[in-house]
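Convention: sequence-line order gives letters A, B, ...; per-chain numbering from 1.
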Amino acid sequence: MTPSRLMVLGDTTLGSFVRELQAQCRAASLPWAVEDGGFDSWERAVLGGQATSRQGAEAAFAFVLSPRLLEGFDQPDLPRRIQSVLEALEAQRPQRTVMFGNLFADPRGVLPLLRPQLQARRARRVADLLDDFSARHAWFHLVDQSSLALALGVGALSEPRFEALGGLYFSPSGSRHLAALWCRALAALTRPPAKVLALDLDNVLWGGIVGEDGPAGLAMGPSGAGWFYRRFQQALLELKRSGVLLAVCSKNNAAEALAVLREHEDCLLRPDDFAALEIGWDRKSLALQRIAQRLRLGLDSFVFVDDAAFEREEVRQALPEVRVLEFPPTPAGLLDMLTTCTAFDRLRVTDEDRTRSASYQAEARRDELRGKARKPEDFYRSLGLTARIQVAGEDEFARAHQLIHKTNQFNLTSERLSAEQLRERLADPGYQVLTLRVADRFGDSGLVGLAMLDRHAVHTWRVDNFLLSCRVIGRTVENAFVSWLAQRARVAGVARLEVRFVANGRNEVAREFLERSGLRASEDRTIWSLDVAAEQRLPEHYVKLSPA
Amino acid sequence: MSGVDEDKLRAAVLAALRIPAERYQPDLKLGDLEEWDSLGHLELISQLESTFGVTFNLEDIPQLDSLAAIRMRLREPR
């Protein structure tokens, strides 16, 4: 892998930090070539046009600013200075990746009673500015240096002698701590987070064993040893909200264990918090495989927690791709086990992350219903499917662009339009970019489909692409779309629909759909056409279309 | 007067300058290695302080510019 370049910019000398980050990236096999932007380079590199010369054009930026910037009565307005740097970054093309360490105030100094007024207010304004900016730009990531300073104390990061001798605000040993944080952030930027956290129950979610101690004997209350399990459960809920799917993988009597999850008054996690529950007497490796199958996720995106060394070893041996966490010797170490685990690190939480758990829950209910239905049609009917097809608007741009780049299976041409190309199509009056939203009685799947309709020709409409998130495949939504399009073409007096298809090695399901819909393939199977006027019978669907 | 623990000294130099063991010499001086530059010097000082549990005076730090000088300083009573 060719390393990406990362230019470190700051207001002090960061040589020690840069050397340490280089060493840590190497040790972690992270593909980043870290460079030192030089002393007091943080504004110059962006505003001066020097580092934006050819050399630095495609390097990512890392801003590592010191508390010195916040000090003094007569400092020029720091928030304004940061604002201009942000604006300049915003205007740069191509957009570069930017990581920005948030600022913390150094409490060591004169007028200790006044320092909050002098510095904290400035720090807060800068923090708000950076928060807003990172919420607006997916290429801008915050690195939480201030929490590190709070946890370690500024004395562990900065030492006056080294600042006096080398202009190093961040001392050599402080640079190690700081580099560890940045290395973790770079890893999160480089590698996708794990998706599933599979947990044992007894002595993991609570202290004690259901089968031996009974529900009343379990520790997860707000005081005593239970407190640590409670804190652990709270942390799990936070992980869930950030997009991690929780699963139970426990050897237990299912009825007894479920009763605790459902009814125990001290238990914060409830059955609905888990995307999958495997409670029984099978080997854990088999249970994990079943969970993976049900969630349609690879085991390499699983993390496994169990207090029994024997179970951990069984999973390690049978499923080497699963990450198995070391279990702490006492419940006091439970939270640390999660905070030191980097598998779930992410730099931002998207809307999709936030709703992931709920949408997997809904999918599990659909599966249950599918299993019970006598015929597929009964299942489709009972879902109560609705869909809305609309011309894409500006507020749907980000999601549409994401779908174009993330959809691999049901994607007719896999044409990965750049943001600019997509904007061009949206602006072209001869073109229609259509969005498809789907909901059923189990929930709203949101914007899950996209079609590119070229209407430049009079008698033929050409579908340049049609794609559907794998979350909604198998609910006849695709059939509903073809019927709707044929109907509209007929009304518009269009004779023919032409649908483009380009095989990508993974989109067999999309080609099958064209075949199933009765479209005729051209010799080279790249154009599939439908004679609209012939009113041929299209595959059934069970979707109620709401008016656009 | 006791001697300096040479293994600890060597380990501190390797860690601070991030060099492989074969580049270590017991008579190294500031500037002998590309890694022992003025910045590397501060990193070495910091590492020695944590390894040997000492704190050097600001004025002493520039003068600890060879392993010989460092050994001598470490042998002094605290």
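- Residue Leu44(B) does not touch chain A at all, counting heavy-atom pairs closer than 4.5 Å.
- Distance check, rounded to the nearest 0.5 Å: CZ of Phe162(A) to CG of Leu39(B) gives 11.0 Å.
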Task: Test side chain to side chain contact (heavy atoms under 4.5 Å, CB included) applied to Arg18(B) and Gln22(A), step by step - done: CA-CA 11 Å; Arg18(B) 303 179 190 89; Gln22(A) 286 166 340; over 6 Å; no

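- Residue Glu43(B) holds its CD atom at 7.0 Å from OG of Ser175(A), rounded to the nearest 0.5 Å.
- Across all their heavy atoms, Ser173(A) and Ser46(B) have their closest contact at N-OG, 3.7 Å.
- When all heavy atoms of Leu165(A) and Pro62(B) are compared, the pair lying nearest together is CD2-CG, 4.4 Å.
- Residue-environment remark: CD (Glu34(B)) stays at or below the threshold of 12 foreign heavy atoms within 6.0 Å.
- Among Leu42(B), Leu58(B), Asn57(B), the one residue that satisfies the side chain to side chain contact (heavy atoms under 4.5 Å, CB included) test with Arg161(A) is Leu58(B).
- In this structure, Arg19(A) contributes its side chain and Leu17(B) its backbone to no donor-acceptor pair below 3.5 Å.
- At a 4.5 Å heavy-atom cutoff, the contact between Glu49(B) and chain A is made by side-chain atoms alone.
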